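Report on the structure given below.
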Amino acid sequence: MVSVECELLSNEEDAPGHYVMALAAPEIAAEAQPGQFVHLRTPRTFDPLLRRPFSIMLADKVHGHLRLLAQVVGRGTEILVNTPVGAKLEVLGPLGTGFPLPTGDGDVLMVAGGVGVAPLISLADALRGFEHPAYIRGLFGAADEDMLVCWIEFAGRCDEFYVTTEDGSAGERGLITEALAQQLDRGQAAVAYTCGPVAMMAAVAQMCGDADVPCYCSLEQRMGCGIGACLGCVIAAADGGYLRVCKDGPVFATDRLDWEAILSDQQ
Amino acid sequence: MVSVECELLSNEEDAPGHYVMALAAPEIAAEAQPGQFVHLRTPRTFDPLLRRPFSIMLADKVHGHLRLLAQVVGRGTEILVNTPVGAKLEVLGPLGTGFPLPTGDGDVLMVAGGVGVAPLISLADALRGFEHPAYIRGLFGAADEDMLVCWIEFAGRCDEFYVTTEDGSAGERGLITEALAQQLDRGQAAVAYTCGPVAMMAAVAQMCGDADVPCYCSLEQRMGCGIGACLGCVIAAADGGYLRVCKDGPVFATDRLDWEAILSDQQ
Amino acid sequence: MTSSSPDLSLQIGSLQMKNPVMTASGTFGYGVEYAELFDMSKLGAVVIKAATMKPRVGNPPPRIAETPAGMLNAIGLQNPGADAVISEKLPQLAEYDVPVIVNLSGESVDEYVQLAEKFSACGQVDALELNISCPNVEHGMDFGTRPELTAELVGKVRAASDLPLITKLSPNVTDITEIAVAAVDAGSDALSVINTLLGISIDVERRRPLLGNVTGGLSGPAIKPVALRCVWQVYEQVDVPIIGVGGIMNTRDALEFIMAGASAVAVGTATFVNPTASVEIVAGLQQYFAEHDLPDLGALVGAAHP
Amino acid sequence: MTSSSPDLSLQIGSLQMKNPVMTASGTFGYGVEYAELFDMSKLGAVVIKAATMKPRVGNPPPRIAETPAGMLNAIGLQNPGADAVISEKLPQLAEYDVPVIVNLSGESVDEYVQLAEKFSACGQVDALELNISCPNVEHGMDFGTRPELTAELVGKVRAASDLPLITKLSPNVTDITEIAVAAVDAGSDALSVINTLLGISIDVERRRPLLGNVTGGLSGPAIKPVALRCVWQVYEQVDVPIIGVGGIMNTRDALEFIMAGASAVAVGTATFVNPTASVEIVAGLQQYFAEHDLPDLGALVGAAHP
Ligand SMILES: Cc1cc2nc3c(=O)[nH]c(=O)nc-3n(C[C@H](O)[C@H](O)[C@H](O)COP(=O)(O)OP(=O)(O)OC[C@H]3O[C@@H](n4cnc5c(N)ncnc54)[C@H](O)[C@@H]3O)c2cc1C
Ligand SMILES: Cc1cc2nc3c(=O)[nH]c(=O)nc-3n(C[C@H](O)[C@H](O)[C@H](O)COP(=O)(O)OP(=O)(O)OC[C@H]3O[C@@H](n4cnc5c(N)ncnc54)[C@H](O)[C@@H]3O)c2cc1C
Ligand SMILES: Cc1cc2nc3c(=O)[nH]c(=O)nc-3n(C[C@H](O)[C@H](O)[C@H](O)COP(=O)(O)O)c2cc1C
Ligand SMILES: Cc1cc2nc3c(=O)[nH]c(=O)nc-3n(C[C@H](O)[C@H](O)[C@H](O)COP(=O)(O)O)c2cc1C
Ligand code: FES
Ligand code: FES
């Protein structure tokens with residue numbers, strides 16, 4: 001983990017309101033594990049004050065670059081995506097505990113919702129790099145075609161690739177959980193990984209649990225420090241306590257979490 | 001007075017840390033009187049929070065442009081001068097009470113210190129436009145050659161022009177007050193106008209008072225509203241009360257002010 | 001989305017406001033300063049700068065310091081005195097179709113009573129706001145930090161005037177609800193929550209306080225969370241309308257205050273940053289209520305409480 | 001400019017600090033989290049997260065809300081309990097050459113006394129900081145808002161421990177100097193000024209408070225003017241060292257606090273924004289003192305007072 005100033009190398013709109021940003025960050029790229037994230041400072045002034053967390057979508061260890069996928073949802077991300085190429089950003093990372101790699105045989109399922117595709121791309125990229133690459137079945141759900149951000153990057157790293165959109169503008173019309181049900185029915189999955197809206201991940205967790213497929217999800221929470229010191233980013237654990245998203249996560253085995261509490265804290 | 005969004009048309013460093021910025025602001029340019037100012041919002045976020053006041057250096061009524069001269073002294077001006085050309089700035093103006101124009105015969109003295117040259121340029125420009133232009137003797141003092149910001153603009157509007165620098169790198173070596181003493185000795189001045197560091201203006205006020213030459217100065221003070229509502233920007237008056245720099249000024253007849261109090265409030 | 005026109009009007013005693021957006025005392029002068037920029041009659045009410053019995057020259061400069069997302073002010077109640085306010089300032093405001101509220105600042109109970117009588121008699125104001133929370137003059141906060149003094153003051157002013165009475169509370173207290181309850185029990189028709197927080201800024205170059213008065217009142221976005229907390233707490237203890245004040249910069253902030261329990265909002269420092277903030281908030285609220293099918297103000301006041 | 005090396009050391013009872021820069025409790029975990037990023041032994045002291053007698057799970061999320069130039073937190077004193085802090089957390093810190101201060105939070109006088117005894121006996125801490133000002137747990141602020149309770153608490157803890165005793169004051173009071181004097185008279189060796197301001201943030205979309213706990217503690221640059229004012233006021237009333245806390249982001253802010261009367265500073269929220277803020281401030285102070293020919297810390301403490 002290092003705290004460094006990184007040059008913004010490129011910044012391109014991939015889908016409406018979604019930007020792919022490349023940073024020169026050799027120390028972070030070298031260390032990064034799939035599913036880890038960086039904590040970024042947007043402006044130098046004190047409003048907005050806090051850093052913003054973003055998953056590492058790709059860590060190019062050869063060139064020392066990081067790729068992030070940023071969706072504009074508020075003031076911080078608005079400022080971030082308007083940062084001119086060439087400017088420097090303060091970056092802390094790599095942070096958190098990423099995805100455990102698959103150990104046994106069998107296929108790997110990846111279930112992405114919207115911008116949640118980012119950490120799954122980093123995971124798929126790592127799995128591709130193995131001597132005996134796992135067979136990846138990628139599932140990507142979005143509201144419509146426009147929201148299938150970075151789908152080419154994702155699809156290119158999967159052996160099979162399925163898309164659903166709510167309005168049917170691309171792939172099957174429907175929810176990604178319907179596609180997941182079919183995949184689970186095939187009975188070949190050894191492990192599932194998911195990232196997307198909480199309600200989607202809760203459903204994925206439930207379905208994988210029912211099918212006895214170990215499942216890992218990448219969660220989000222408002223953060224203070226990003227490195228485990230402030231206890232600000234917690235999420236309800238199955239055992240009644242709380243886990244830190246920034247340090248114990250952002251990736252958790254779905255059965256370690258109290259999904260009911262997580263969903264109700266969101267309301 | 002209007003509150004408008006104005007495009008930044010150009011932004012050039014004139015001297016180290018001093019920028020000449022042109023804004024498209026037809027309504028403000030049309031109304032502007034020499035010595036008035038604008039109140040500018042730098043960023044859209046709340047830190048820094050308040051607007052920043054700047055004298056109108058030139059109001060080009062034909063093209064609807066304003067020219068400002070901004071010296072970087074803190075965070076707000078730092079952000080301002082880094083605004084990219086083409087961006088929009090929120091501008092409130094024209095504000096305040098500017099210079100009363102000379103009424104009688106006789107020469108006009110203008111005494112500028114550093115960035116204080118800005119409102120005097122607007123005044124000289126207005127006087128040049130008269131049918132019977134006043135004879136302007138311009139005096140410009142600075143620490144060194146580099147700090148003679150916009151001297152060409154100033155000199156070009158004066159009939160006679162004198163420069164002093166403290167290190168002798170341009171013009172006479174010495175203080176501008178020495179040059180002023182010589183000018184006052186000539187006995188032809190009908191009125192004097194000054195803008196620059198407070199200590200300089202206090203000295204100019206004193207010398208003109210002794211020589212019985214009416215003198216007007218342009219002052220600075222920290223501002224809240226900029227339009228006379230908050231009473232935040234006051235300065236000590238000769239009669240014991242306070243005057244608002246933003247509304248009653250920024251230009252004042254020097255004999256209306258309590259210079260002793262003004263100088264001691266600064267310490 | 002609907003085209004219905006929600007009812008944003010509001011009543012405080014006999015004061016009828018067409019919408020809940022007011023200006024905060026001291027940040028809007030005597031109203032006329034802003035008349036060139038927008039139509040004041042679009043506002044729910046205008047609150048003018050504090051008036052005192054005698055003219056006051058105010059504090060020595062500098063009176064303003066910028067702080068992160070905030071500002072300190074130490075104006076020191078500069079004003080020409082009640083008589084001059086009545087004869088010179090209020091007539092100018094009479095031209096506009098907007099209720100006028102005068103903010104009163106006395107040095108003793110008697111003086112507050114005299115001020116209330118004077119302004120009630122002048123026939124030019126629609127409500128009184130008791131400033132018992134000014135941090136910038138000696139004893140300015142005394143009446144706002146001790147419930148028994150608050151009660152005495154409000155009670156006597158109540159007896160002296162028929163105008164709607166608003167008491168403006170200080171956040172610089174251990175328990176703001178104590179003061180709120182005291183004011184309401186003594187007859188206050190509404191509460192303004194909050195005045196500024198007491199703060200200091202140090203000029204590092206000169207190694208002394210930046211403000212001429214040493215301390216000043218902190219306002220602006222920085223204090224919004226504190227103001228919201230005060231509104232929230234007071235809402236749970238009293239039944240009169242609360243005017244939320246403190247760091248309201250835009251419609252979203254105004255909505256936060258309404259949901260926390262404010263029936264009206266006053267816009268202060270925002271006007272310095274964006275001179276038309278107050279009327280923009282009027283329009284923004286109208287739009288929000290229409291889009292969310294909220295029939296009237298009451299439908300949202302306190303909505304965030306369990 | 002000089003090349004002399006100014007003496008920035010400082011003594012609080014038996015606690016010897018090589019410089020006046022500490023971490024603020026709750027913002028630096030148990031120290032080890034930041035060990036990868038910088039050398040902790042460069043700091044004057046490390047203050048760890050509040051310890052309670054029993055383990056606490058803390059408040060439900062969300063626990064953090066960003067506000068203009070500030071943040072609200074409502075952690076709710078999550079910690080593994082005193083015994084686990086002593087057996088698991090403190091040994092890790094022992095590796096570093098830096099004094100360790102533990103922040104104590106009890107539910108009764110007795111519990112504070114027991115905590116003080118436990119940590120004094122463990123031999124692994126260099127001073128105690130009494131957190132009598134936590135806004136995020138029920139009764140957390142009681143001891144910090146009533147001078148007679150403050151006095152009783154500090155007195156009993158004083159009797160129970162030989163370690164240097166620091167009392168951490170709340171700004172959410174009418175008169176902070178009352179509490180400060182009570183703490184010092186009862187034997188506190190130093191005061192931390194201030195803990196967070198009580199605030200609320202409303203989630204407009206969901207129409208309810210953003211924080212799971214409804215209220216939270218406001219920290220960061222937004223509160224700096226209030227913290228400076230508190231330090232200023234306390235400095236005029238007591239003679240023990242004051243640790244300035246509240247919105248210190250950089251060397252300039254630290255200088256403001258020292259000039260206002262602080263002998264040391266604690267860096268909190270700044271560490272989230274810039275993880276190396278605290279050590280940068282150590283270096284910045286050293287440079288400032290050298291450049292301004294200030295022989296030692298004392299030469300600047302309170303310099304802004306008349
Ligand atoms: C581990 C992790 C990885 C993430 N990866 C990505 C990613 O790859 N791409 C992407 O677009 N977004 C990602 N997010 C979400 C992203 O951090 C938020 O969208 C962003 O912080 C919002 O900032 P804002 O200022 O635009 O929004 P605002 O709502 O104005 O932010 C206000 C505050 O809330 C916090 N906040 C708001 N939404 C979230 C959220 N969903 N998660 C955490 N904090 C939040 C902000 O950090 C800030 O402190 C990730 C979040 C986490 C925790
Ligand atoms: C009527 C008037 C006309 C001016 N004209 C010019 C001009 O033409 N060119 C130019 O370069 N500068 C001019 N100034 C000064 C300019 O406004 C300040 O330098 C600027 O506000 C500093 O902002 P900052 O954020 O960089 O500094 P900071 O010190 O960080 O500002 C902190 C706060 O103090 C205020 N402040 C600081 N210095 C001054 C000052 N000297 N006057 C007023 N407020 C101040 C800021 O507005 C801000 O609110 C003028 C000031 C006034 C009052
Ligand atoms: C420059 C200035 C002057 C003020 N004068 C008064 C006053 O005379 N009487 C009063 O009750 N409040 C006064 N206030 C407080 C405001 O009315 C308001 O309560 C406070 O600023 C918080 O709101 P804001 O953050 O929206 O500004 C003043 C505030 C400012 C900034
Ligand atoms: C996330 C967080 C947790 C905190 N926990 C504690 C705590 O356990 N004990 C305590 O005395 N203060 C606690 N504080 C208060 C800080 O120590 C400090 O007093 C306050 O944040 C103001 O300083 P700052 O503005 O520099 O952060 C906490 C603050 C934050 C932001
Ligand atoms: S953000 Fe501080 S512990 Fe996770
Ligand atoms: S800045 Fe408000 S009166 Fe001058």
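Computed from a prediction, not measured in an experiment: that's the story for all the values here. The chains referred to below are lettered A, B, ... by the order of the sequence lines, with proteins before strands, and numbering in each begins at 1.
- With respect to chain D, the highest number of heavy-atom pairs below 4.5 Å among C:Val231, C:Asp175, C:Val226 belongs to C:Val226.
- Taking chain C as the reference chain and counting heavy-atom pairs below 4.5 Å, the highest number among D:Pro209, D:Ser201, D:Cys230, D:Ala303 is found for D:Pro209.
- Of the listed residues (C:Thr174, C:Leu228, C:Ile258), the greatest number of heavy-atom pairs within a distance under 4.5 Å of chain D belongs to C:Thr174.
- Taking C:Ala222, C:Pro225, C:Gly199 one by one and counting their heavy-atom pairs under 4.5 Å with chain D, the maximum is reached by C:Pro225.
- Side-chain contact between C:Met259 and D:Val204 is present, with at least one heavy-atom pair separated by less than 4.5 Å.
- Expressed to the nearest 0.5 Å, how far CG of C:Leu218 lies from NZ of D:Lys224 amounts to 11.0 Å.
- With a 4.5 Å cut-off on non-hydrogen atoms, D:Tyr288 touches chain C through its side chain but not through its backbone.
- Heavy atoms closer than 4.5 Å to chain D are found in the side chain of C:Leu300, but not in its backbone.
- Residues D:Arg229 and C:Asn172 form a side-chain contact, since some pair of their non-hydrogen atoms from C-beta on lies under 4.5 Å apart.
- Applying side-chain contact (heavy atoms from CB on, under 4.5 Å) to D:Glu256 and the options C:Ile200, C:Asp203, C:Ile202 leaves one that passes, C:Ile202.
- Contacts of D:Val214 with chain C are made by side-chain atoms alone, with heavy-atom separations under 4.5 Å and no backbone atom involved.
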